[in-house]
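Here's the structure we're looking at; comments come further down.
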Amino acid sequence: MPTELKILIKRQEIEREVARLARAIEHDYKDNNPLLIGILKGSFIFLADLVRKIDMPLEVDFIRLSSYGSQTESSGQIKVLSRLNEPVEGRHVLVVEDIIDTGLTTAYFIKYLKRKRPASVRLCALTEKPSRRKTDVQIDYIGFTVPDKFIVGYGIDWNGKYRNLPNICYIE
Ligand code: 5GP
């Protein structure tokens with residue numbers, strides 16, 4: 001894959017949007033002590049920035065999912081690679097994703113979570129590509145709608161690389 005990177009969303013814009021999402025989450029959850037579950041690895045920077053802007057009690061957990069497919073596309077065959085540490089039953093859970101493309105990964109995970117009987121499940125995604133959606137997964141908090149390009153940076157990788165870029169870029 002060629003590695004010419006172009007900036008799609010600048011770090012200052014990301015920062016503003018993350019603050020806006022944090023305010024919306026704070027407003028909606030008030031004293032509900034939500035459990036935020038980040039899907040690794042792509043959500044780690046987004047989640048770290050998001051929780052530091054939310055001024056109320058909350059807890060954080062992570063899960064690793066694998067999706068078998070090509071390097072740039074999810075196949076819909078998803079496997080849970082790590083277990084959750086925090087009990088989910090009766091909790092208000094907010095799933096935090098870096099990118100929703102076809103939506104297959106997230107739809108699978110939400111189904112998996114609901115079997116554990118949480119009080120509620122909502123979804124927060126930094127980016128989404130609506131043109132590629134294959135499921136009707138509902139995104140409750142959405143940062144940016146992005147075009148059908150392969151994006152990297154701000155935690156999102158290509159082949160394990162580029163997670164440390166401060167801006168969200170796309171590969172030409
Ligand atoms: P979905 O199941 O929604 O199709 O895919 C979600 C996963 O596919 C993301 O978490 C990510 O790992 C990968 N993915 C989809 N689009 C992109 C993209 O533009 N860039 C990167 N780096 N990964 C992507």
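The first residue of the sequence shown is numbered 1, and numbering continues consecutively from there.
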Next on the checklist: Suppose we screen for salt bridge (Lys or Arg N to Asp or Glu O under 4.0 Å). Which residues come up paired with D55, at least two apart in sequence or across chains?
Outcome noted: none
Checklist entry - Quick one: side-chain hydrogen bond (donor to acceptor under 3.5 Å, both in side chains) partners of R83, sequence neighbours excluded? => result Y112
Checklist entry - Do L36 and V51 come within less than 4.5 Å of each other through their side chains, counting heavy atoms only? => result yes
Checklist outcome for this item: Across all chains, not counting sequence neighbours, the side-chain hydrogen bond (donor to acceptor under 3.5 Å, both in side chains) partners of E17 are R20
Next on the checklist: Under a 4.0 Å threshold between the charged nitrogen and the carboxylate oxygen, would E26 count as salt-bridged to K53?
Outcome noted: no
Item to check | Step-by-step side chain to side chain contact (heavy atoms under 4.5 Å, CB included) determination, I156 to F46 | outcome: CA-CA 10 Å; I156 305 168; F46 174 41; over 6 Å; no
Checklist entry - Any link between I7 and F144 through a network of hydrophobic side chains (Ile, Leu, Val, Met, Phe, Trp, Tyr) touching at under 4.5 Å? => result no
Checklist outcome for this item: Partner of E97 under side chain to side chain contact (heavy atoms under 4.5 Å, CB included), picked from L47, L126, T127, T105, is T105
Checklist entry - Is the closest basic N to carboxylate O distance between R117 and E89 below 4.0 Å? => result yes
Next on the checklist: Is a donor from one side chain sitting under 3.5 angstrom from an acceptor on the other, for Q138 and D136?
Outcome noted: no
Next on the checklist: With a 4.5 Å cut-off on side-chain heavy-atom distances among I, L, V, M, F, W and Y, is there a chain of contacts connecting I99 to I110?
Outcome noted: no
Item to check | salt bridge (charged side-chain N to carboxylate O under 4.0 Å, His left out) contacts in which one or both residues fall within residues 7-16, not counting sequence neighbours | outcome: none
Item to check | Residues that R64 engages under side-chain hydrogen bond (donor to acceptor under 3.5 Å, both in side chains), provided they are two or more places apart | outcome: none
Checklist entry - Got a donor-acceptor contact below 3.5 angstrom from the D140 side chain to the C124 backbone? => result no
Checklist entry - Are the side chain of R133 and the backbone N or O of D101 linked by a donor-acceptor pair below 3.5 Å? => result yes
Checklist entry - Can you find a pair of side-chain heavy atoms, one from Y108 and one from T106, that are under 4.5 Å apart? => result no
Next on the checklist: Donor-acceptor check, side chain of K41 to backbone of G155, threshold 3.5 angstrom: yes or no?
Outcome noted: no
Checklist entry - Can you say whether the rings of Y141 and Y29 are parallel (under 30°), tilted (30 to 60°) or perpendicular (over 60°)? => result tilted
Checklist entry - Where do I100 and V137 land on the side chain to side chain contact (heavy atoms under 4.5 Å, CB included) test, with the steps shown first? => result CA-CA 9 Å; I100 308 225; V137 62; 4.3 Å; yes
Checklist entry - How would you list, by chain and number, every residue that makes a side-chain hydrogen bond (donor to acceptor under 3.5 Å, both in side chains) with S82, sequence neighbours excluded? => result none
Next on the checklist: Under a plain distance cut-off of 3.5 Å, with no hydrogens placed, do D98 and Y154 share a side-chain donor-acceptor pair?
Outcome noted: no
